[in-house]
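I have placed the structure first, in the form of structure tokens, so that the comments after it can refer back to it.
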Amino acid sequence: MEQISVKASYQITIFHNEQNHYRVAKFLPVNSRQSITVTGIMPVLHKDHLYELSGCYVEHPRYGMQFQLHAYQVRQPSEKDALIRYFSSSLFPGIGKKSAEQLVEALGEDAIAKIKADAAILDHLPASLKKHKYVILNGIEEQNGYSFHSFFVGHGLSLAMAQRIENHYGEQAVALVKENPYRLVYEIDGIGFASADKLAQALHYPSDSIERAQAYCLSVLMERCMRQGDSFLWKEELVEAINQKNELYFDVDACLEELAEKKLIVMEGTKLFHHTQYEAECGIASFLSHFPYDDTTWECSGLIEAINEVEKELHVTYDETQKEAIRLFFEEPLLLLSGGPGTGKTTIVKGILQLYKRFYPNGKAMLCAPTGRAAKRLSELSDAPASTIHRLLRWNITDNTFEVNEQHPIDADVLFIDEFSMVDNWLFYHLLCACGHVQKLVLIGDENQLESVGCGTLLKDLIAAKCFPFIRLHHIYRQAEGSEVIELAHGVLEGQEACLKNGRDVAFFPCENFEVKDQIIKIVAHALEKGYDPCDMQVIAPMYQGVAGIDALNHALQKLCNPSETWKREVHVGNRIFREGDRILQLKNQVEDNVYNGDIGEIIEIETASENALHETVITASFDDAIVSYRNEQFSHITHAYCISVHKAQGSEYPIVILPIVYDYRYLLSRRLLYTAITRAKQAIVLLGSEDAFYYAGSTNERHQRKTALVKRLVGSNEEEKVPVYDGELQIIE
Ligand SMILES: Nc1ncnc2c1ncn2[C@@H]1O[C@H](COP(=O)(O)OP(=O)(O)OP(=O)(O)O)[C@@H](O)[C@H]1O
């Protein structure tokens, strides 16, 4: 078994034997967003501390991939360590850890000051270091003379975070952060309590400070809301969450009062909102109740005749509901359009676009969707350009702001947003802020699909508020074309007994949890032998961990679809090996590279540090519309895509979907999840696992019903009695 060394920070212990100190614990490897399970003798561990673990990855028959520990040591960050990390960061291309160590050894902990005082000091270094002179000077120069990059990077923050801090505070950065490191939690996007706390500890900031308690309170509120998808928490929920962690003792009421005074949280009775969520909800409600600002009358006499002509052009005969949707588009400023797969949503958009061009030849319509693949699909099907919402708003990753905003609005009269069930409150609010010129909004989605990853239940809330014209499409046209997949999806929604039947487009293979992996390998190998393109098949699973989890399946499928060969380069990242030829999944939006969360690409080249000008390993991947190169600190933006989660698959479709459903996933199984997974299949679906687990999923609602106050805000506070009772149940399409 190959022994490797992994640098990772300790997160949590799952099991601990007090007698022999055998533990099962979670660690987060450096440069990875996914934790690993480590097993072995570990008497003492400190949360968030960095450890050097040596051992090997083994596959446990029940729990999947684990790191079996042979030895470990804590990596206590010292000033010297901090400086070494800084010099070996990507600010100094070509300087690896070894050279950075030598440099710090030679010049001491005040190396930066010495170099700045006299650059010639570098000429007296050994040749192996002297050759980096200009890189060192450039790196230091790039900071414009400040030493805060070294300060922040050295204390465990990433370069991107240091950059954000610089953008926000300028020259005052170090002084302000030293004065109160916890301000980073609420003033800098993307820096959480753990990072700020680590920094505070390094600065010997008092651990019983009110600043620490407030930052903690605020981050628990935000993290909980993000995890559960809620817009707010009940006060008692927050208190319970704080007590559960049992890390800090403070007067929660006083802390909340102060946070409210600072406008970092908003308290509405016992509802506690993070200020961003409150702003989003109120902003959405206010915008939509005044929309559109400019009340232009839309002239469209002769619409019926025009629809008839467009029907001929598009070779389609719209049914009455579809015609009603088209008519409402021209009569109303906002239209909500919901329907399952194959109900003709895109066909309506196509018709509206044609008619709009006829009536308003100088008008400007825009189409967008939350993911790259959804936008691409919308564009292909509607024969009109479409972009992601982030691209449309020109999202700036560095400070999480949008260049297209209230002051610089979207240049369009009509805006269509597809896959609206995936859009969260915060993003929609920012989109609306930029809609000052927009006269008509069409929000299209399927309310039975999974909710957005971020907070809120927008589509459901807008429907439940009953304030906007809403069309639900019932008739399934693709089923008329004979799709058993869509029939199965509707069977699941309607809770039909025995809807799972083998047929032409649907296959089911019964198997146990531990047989899933081998069964999938068999199915995929068989399909490949028969000449299927691997890109036509997508394995989708609900959960990452376990023998039937996404990680284990990716590992096995990589071996089958892209085995190790002498001529294929590879690189180890955490517990994964990326190899040339691998199918990969993008996990983050990289607007500047035109690649988005959920996009699937292929690794076309891996360059080693000695081969490129950056002097670091670079992975290059090809996507539909982009070639993207990932440097070391971006490796966590990708993962393998042989098997992906249902959430990541949302907004995309694949010719053939392979979907394991077993009781291992029981805590995640729900009707909505099953329906979303099934509807990803365009032609055929192969299910495997337990029939009972399938029906269990089909009869289970989400355990957590998201909390939002948007419906009340939309309906109006003095009309509370009119608020429709919304029980979070799925809407069954008749
Ligand atoms: N009124 C209609 N008469 C006949 N066929 C129709 C009609 N409306 C839509 N279709 C056909 O049904 C199929 C599905 O339509 P469409 O792609 O518009 O549905 P959709 O709701 O957008 O589906 P999905 O969400 O899966 O993309 C297409 O082949 C389309 O041509």
Side-chain angles (χ1 to χ4, degrees), residues 304 306-329 335-356 367-384 386 416-423 442-450 459 463 470-493 505-506 538 540 598 646 649-657 672 674-685 731 733-734:
I304 305 294
I307 293 178
N308 290 341
E309 283 166 30
V310 165
E311 283 182 321
K312 280 184 203 130
E313 276 169 33
L314 298 178
H315 308 291
V316 69
T317 307
Y318 288 113
D319 64 30
E320 282 314 308
T321 321
Q322 290 176 317
K323 280 186 187 158
E324 173 74 355
I326 296 174
R327 187 183 61 77
L328 280 173
F329 167 82
L335 173 64
L336 294 171
L337 188 58
S338 173
T343 50
K345 300 182 292 296
T346 321
T347 311
I348 294 174
V349 173
K350 252 173 142 170
I352 292 178
L353 286 170
Q354 291 276 14
L355 290 159
Y356 178 68
L367 287 80
C368 64
T371 69
R373 284 175 81 89
K376 192 159 188 279
R377 196 168 151 262
L378 175 65
S379 169
E380 282 165 4
L381 294 174
S382 60
D383 299 325
F416 294 83
I417 310 171
D418 198 10
E419 296 290 352
F420 193 65
S421 60
M422 295 175 73
V423 179
V442 185
L443 311 177
I444 310 153
D446 179 355
E447 80 231 61
N448 291 326
Q449 282 197 30
L450 285 173
L459 182 57
I463 295 171
F470 166 51
I471 294 279
R472 181 180 287 131
L473 300 169
H474 299 277
H475 191 83
I476 309 153
Y477 284 97
R478 209 175 285 138
Q479 197 175 21
E481 292 165 10
S483 167
E484 289 173 357
V485 177
I486 295 182
E487 210 173 313
L488 177 67
H490 284 271
V492 166
L493 274 192
D505 310 329
V506 177
Q538 184 60 57
I540 298 178
V646 185
Q650 202 178 0
S652 300
E653 280 190 336
Y654 312 91
I656 303 165
V657 164
R672 200 180 286 282
L674 185 57
Y675 171 80
T676 305
I678 293 171
T679 52
R680 300 310 90 210
K682 240 189 322 202
Q683 290 163 14
I685 186 157
Q731 300 286 340
I733 295 172
E734 297 123 37

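Note that ligands are numbered from 1 as they come in the structure, with each ligand's atoms numbered from 1 the same way.
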- Specify the closest pair of heavy atoms between Ile540 and Ala649, including all atoms of both residues, with the distance to one decimal. CD1-CB, 3.7 Å
- How are the rings of Phe329 and Phe416 set to each other: parallel, tilted or perpendicular (split at 30° and 60°)? parallel
- Item | Option of least heavy-atom distance to atom 20 (P) of ligand 1 (set: Lys345, Glu311, Lys323, Glu419) | Lys345
- Query: If you count the atoms of ligand 1 from 1 in the order shown, which ones are under 4.0 Å from a heavy atom of Gly344?
  - Reply: 9 (C), 15 (O), 16 (P), 18 (O), 19 (O), 20 (P), 21 (O)
- Message: Checking the N or O distance criterion of under 3.5 Å, is ligand 1 in contact with Pro341?
- Response: no
- Could you tell me which atoms of ligand 1, counted from 1 in the order shown, lie closer than 4.0 angstrom to a heavy atom of Thr317? 1 (N), 2 (C), 3 (N)
- Task: Run the numbers for me: atoms of ligand 1, each under 4.0 Å from some heavy atom of Gly340, listed by number.
- Result: 21 (O)
- Measure across Thr679 and Ala489 and return the closest heavy-atom pair with its distance rounded to 0.1 Å. CG2-CB, 3.6 Å
- Query: Can you name the residues that form a salt bridge (Lys or Arg N to Asp or Glu O under 4.0 Å) with Glu313, not counting sequence neighbours?
  - Reply: Arg358
- Min N/O separation Val316 to ligand 1 under 3.5 Å: no
- Message: Does only the side chain of Lys350 get under 4.0 Å from ligand 1, or the backbone, or both, or neither? Count heavy atoms.
- Response: neither
- Message: Distance under 4.0 Å to a non-hydrogen atom of Arg377: what atoms of ligand 1 satisfy this?
- Response: 24 (P), 26 (O), 27 (O)
- Query: Looking at Leu378 and Ala386, what are the two nearest heavy atoms and their distance?
  - Reply: CD2-CB, 4.0 Å
- For ligand 1, which atoms sit closer than 4.0 Å to a heavy atom of Glu653? 26 (O)
- Give a yes or no on whether the backbone of Gln650 and the side-chain of Arg373 come within a donor-acceptor separation of less than 3.5 Å. no
- Do any N or O atoms from the side chain of Tyr318 and from the backbone of Thr347 form a donor-acceptor pair under 3.5 angstrom? yes
- Are any of the heavy atoms in Gly339 under 4.0 Å away from ligand 1? no
